[in-house]
Amino acid sequence: LSLYSSPARETKYVENPKTELEEGVSRLRHGLEPYTAWCQLGLGFVFSGLELIDSSKVKVDSSLCSGFFSEGYEFLQKPPAGFYPRLGVISFAGIIGLFLARGSKIKKLVYPAALMGISTSMYYPQQAVAIAKVAGTQLYDWSLQGYIAVEALWKDN
């Protein structure tokens with residue numbers, strides 16, 4: 001036993017404050033939750049037929065990419081819970097984006113990517129926040145470089 005008594009340690013858990021982006025994604029997820037649940041029920045029925053593929057084995061030649069394909073095949077054999085319905089909702093959002101993007105080639109690039117990004121951020125909010133932070137930093141850097149380039153051209157003239 002110790003001769004001296006140790007003082008009681010008082011530890012306090014401090015939660016990190018949520019950013020505006022996290023709050024916005026949270027509100028969006030809660031608002032769209034009934035619709036995504038409905039989509040998951042319908043897509044769960046569609047993707048239940050994928051278990052029939054199990055009888056045929058995929059053979060991959062030994063090459064540089066064989067490890068990648070075998071890992072992908074194993075992942076698709078034992079996916080995490082809810083993977084196929086999420087994949088279906090995200091893919092369906094991309095198809096809706098293609099449908100809405102009639103006319104312009106730029107719209108055909110932006111709309112599907114934006115809708116797929118929004119639907120992906122509903123299912124993977126932590127990864128979406130991390131990607132948004134990196135993308136925001138990169139966008140700021142690019143805009144600053146553009147500003148410096150325009151300023152240099154303006155001063156030369």
Side-chain angles (χ1 to χ4, degrees), residues 12-58 60 63-154:
K12 187 191 285 184
Y13 174 73
V14 178
E15 189 171 316
N16 292 335
K18 291 187 177 182
T19 63
E20 291 179 29
L21 180 62
E22 290 173 328
E23 289 291 331
V25 169
S26 176
R27 283 192 299 270
L28 179 67
R29 288 184 74 203
H30 288 296
L32 295 176
E33 191 172 7
Y35 305 109
T36 57
W38 177 76
C39 289
Q40 283 182 350
L41 286 175
L43 290 171
F45 175 73
V46 171
F47 286 113
S48 65
L50 288 177
E51 294 177 4
L52 298 175
I53 298 174
D54 189 31
S55 62
S56 64
K57 298 288 183 181
V58 175
V60 179
S63 65
L64 295 175
C65 298
S66 67
F68 173 75
F69 288 118
S70 64
E71 287 176 9
Y73 179 72
E74 289 174 13
F75 179 78
L76 291 176
Q77 288 299 322
K78 299 174 187 173
F83 173 74
Y84 287 123
R86 289 177 181 183
L87 179 67
V89 170
I90 293 167
S91 301
F92 188 67
I95 292 170
I96 289 175
L98 282 174
F99 180 73
L100 294 175
R102 292 185 179 170
S104 173
K105 290 182 180 179
I106 294 175
K107 284 183 183 178
K108 288 182 182 178
L109 290 174
V110 172
Y111 283 17
L115 288 176
M116 287 174 73
I118 290 169
S119 62
T120 304
S121 68
M122 288 181 356
Y123 290 117
Y124 305 102
Q126 293 173 340
Q127 291 87 348
V129 168
I131 289 171
K133 286 179 182 178
V134 171
T137 304
Q138 288 291 331
L139 186 63
Y140 176 75
D141 290 343
W142 290 341
S143 64
L144 190 59
Q145 289 174 0
Y147 176 77
I148 291 170
V150 169
E151 186 180 30
L153 287 173
W154 187 266

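- Side chains of S119 and F92 form no contact here, defined as non-hydrogen atoms less than 4.5 Å apart.
- Here the shortest heavy-atom pairing between G97 and P112 reads C-CG, 3.8 Å.
- To the nearest 0.5 Å, atom CE of residue M116 and atom CD1 of residue I95 are 9.0 Å apart.
- I90 is not listed as a side-chain neighbour of L115, based on a closest heavy-atom distance of 4.5 Å or more.
- The 12-atom threshold is exceeded at CD of E151, counting heavy atoms of other residues, nucleotides or ligands nearer than 6.0 Å.
- Side-chain contact check for E22 versus P125: every heavy-atom pair is 4.5 Å or farther apart.
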Tell me which donor-acceptor pairs under 3.5 Å the side chains of residues 138-150 have, and how far apart each pair is, sequence neighbours excluded?
residue, atom, partner, partner atom, Å
S143, OG, L139, O, 3.2
S143, OG, Y140, O, 2.8

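- To the nearest 0.5 Å, the span separating CG on L32 from CE on M122 amounts to 5.0 Å.
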Going through the checks in order, is the ring-ring contact (aromatic ring centres under 6.0 Å, His included) test met by Y111 and F99?
CA-CA 9 Å; Y111 283 17; F99 180 73; over 10 Å; no
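- Residue S91 holds its OG atom at 4.5 Å from CG of L87, rounded to the nearest 0.5 Å.
- The line from NZ of K133 to CD1 of I131 is 12.5 Å long, rounded to the nearest 0.5 Å.
- K107 and R102 get closest at one heavy-atom pair: CD-O, 4.2 Å.
- Side chains of R29 and V25 form a contact here, defined as non-hydrogen atoms less than 4.5 Å apart.
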Residue pair Y84, L76: steps toward the side chain to side chain contact (heavy atoms under 4.5 Å, CB included) verdict
CA-CA 9 Å; Y84 287 123; L76 291 176; 3.7 Å; yes
